[in-house]
2 protein chains.
Amino acid sequence: MKNITKRQKEILQLIAKNIEDKGYPPSYQELANQMNIKSKFAILKHIDALVAKGYLEKDSAARGLRIIDPQYAPANKNEVSVPLIGRVAAGFPILAQENVERYIPIPRAMIKAEGRYFALKVRGDSMINAGIFEDDLVIVNSTNMARNRDIVVALLHDEVTVKRLMTDRGQTFLKAENPNYDNIYPEGEWSIQGKVVGLVREIN
Amino acid sequence: MKNITKRQKEILQLIAKNIEDKGYPPSYQELANQMNIKSKFAILKHIDALVAKGYLEKDSAARGLRIIDPQYAPANKNEVSVPLIGRVAAGFPILAQENVERYIPIPRAMIKAEGRYFALKVRGDSMINAGIFEDDLVIVNSTNMARNRDIVVALLHDEVTVKRLMTDRGQTFLKAENPNYDNIYPEGEWSIQGKVVGLVREIN
DNA sequence: ATAATTGGTGTACCTTAGTACATTAAGCGG
DNA sequence: CCGCTTAATGTACTAAGGTACACCAATTAT
C-alpha cells in the first residue's frame, strides 16, 4: 500500500472518528474546520489523493466517503482490528510491518487494557492441556511484562512460540502444556513479545 | 418500545441497508426514490415519527441519521449478533425467547452455513481434552443433525450439555472429553439442539 | 539551485439536502 | 358516520455540500 502523508493520515483518522461519533462521515467543510484549513478544495485534494492511493472510496454525493483500508476503518464498538502475524522475519520485532499478514477483527471484549494487540495462528500441539489447539487464533497483548503462569508469546532464535511462563527458585523457563514436550530453559537472546489474552477457534 | 408502522419499519431497514452497502446513511430523496414516494416531506414525517418513538436520532445535517434501536441497526460485515443462552426453562426449546439472556456479537467468520446460531457459556470441565474449558463461549449452529464425532449441544432432562456425539455399532452416545467422566447413553427424551462451530475464550 | 510535490487560499457555480406549509386521501376506531 | 391517524403530493426557500479553476508558498528530491 502506498505511503500517505501526515495530513492524509490525519484526514483518515478524522473521518473514522466522525463515523464512530455521529454515525456518518463528515463533509469537506467539517473536515476543513477540524484541521484549521479555510478551503474545502484543499480537503478535496487530500481526499482525491487518498482515493488514488487506495485508502478511500468517494461517491459524488453528500458525505459520500468510505474508508477501505482496515487499518484506518472506523472502530466498531464490538470489535477491534488487530494485525495477524505470519512468518516472523529475522531481526525484526514481532509487530514490524514486515510480519503483518493482514488485519483481522477480534471481539473488543478481549481488550481489557491499553496497548497494542496482535493475533497469531497457533502452530503445533504443545499447549493442548491449556486448551490451545493447532490452528487456534490466540489474541495477544503486546507486552514484555508477564507474570508467573501467564501464557506468553516468546521469541527464541527468531522463532515465535506460545508457552506458559514459569518461575521456580529464581529461574525462569517456558513450560509446554503437553507432557510430550520438554520445558524450555532459554539461553542466549530471547524475549517475551506478548501475553495471551484470548482465543478464537473455528470448528468444522 | 413503541410500535412502529409498516412503512416506518421499511424506512429503518432501508437506512440500515444503505449504511451496510455504501457506508453512509441515505438522504430523504434517496429514501423517497426507494419507496416510490414523490415527496421528501413524507419521508421527513416518517423520520420524525421514528425519532419521537426512540428508534432514530437525527442531526440537522446532510444524511444525519443514526439508528439507535439495536434490532434495526446496520449489520456489521465482520460480526453477527446471536442470542446468549442462559438457564434453560423446562419444556422450552433452547432458542425460546425465555432462555435468551442477551444478544452478543460474534465473529462472522464462524458462520459458514445458513441457519440460526446461539452462544452458550460452558459449565464444567467435561470437555477439556477437546480444548473446551469452563467459562469458554461456544458458538452453536442450531440444528438437530450432527455427525459422528461432532461436538454437540444436547438437551437431556431439560439440562443443557456439551459433548461429543459418538456412534458405535449402531448405538449413539455422548462422550465426555475428560477421562474423569463417563459416557452418556441417553435414555428417555433427549435431543440434539445444535452443533458447536466455534469457541471464544477470554484469558485473564 | 531547480523542479516537483505537498499543502493551502480564494472565488465561483451548481446541485443536493433539509425544512416548512398548505392540502388531499385512505384507513381505522369509536 | 365522524373524527383521528396515517400516508402522501406539491410548492417553496435556504443553506449545505461537492466540484472546479487560478494562484501562491513551503518542503522535498534531484
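Heavy-atom basis, side chains included; hydrogens, waters and symmetry copies ignored. Letters go in sequence order (proteins before strands), and every chain restarts at 1.
Y181(A) and D125(A) share a donor-acceptor pair across their side chains, judged by distance under 3.5 Å alone.
The shortest distance between the side-chain N/O atoms of K40(A) and the OP1/OP2 oxygens of dA20(D) is not below 4.0 Å. Within the 4.0 Å cut-off from OP1 or OP2 of dT19(C), not a single side-chain nitrogen or oxygen of K45(B) is found.
Checked against a 6.0 Å centroid threshold, the rings of Y185(A) and F173(A) count as neighbours.
Along DNA chain C, the nucleotide closest to R63(B) and the one closest to F41(B) are compared, and the more 5′ of them pairs with R63(B).
For T5(B), taking side-chain heavy atoms from C-beta onward, the closest of the listed nucleotides dG7(C), dT9(D), dT6(D) is dT6(D). In the set dA17(C), dG8(C), dG7(C), dG7(C) carries the atom at the smallest distance from any side-chain atom of Q8(A). Considering only side-chain atoms of E30(A), the nucleotide from dG17(D), dG10(C), dA17(C) that sits closest is dG17(D). Nearest to the side-chain atoms of H46(B) among the listed nucleotides dA7(D), dG17(D), dT9(D) stands dA7(D).
E10(A) has its CD atom 17 Å from the P atom of dT6(C), to the nearest Å. In this entry the distance linking NZ of K53(A) with P of dT5(C) reads 12 Å, nearest Å.
Residue-level contact check: A61(A) touches the backbone only, with heavy atoms under 4.0 Å from sugar-phosphate atoms and none from bases.
I11(A) has its side chain out of reach of Y55(A): every pair of non-hydrogen atoms, C-beta onward, lies at least 4.5 Å apart.
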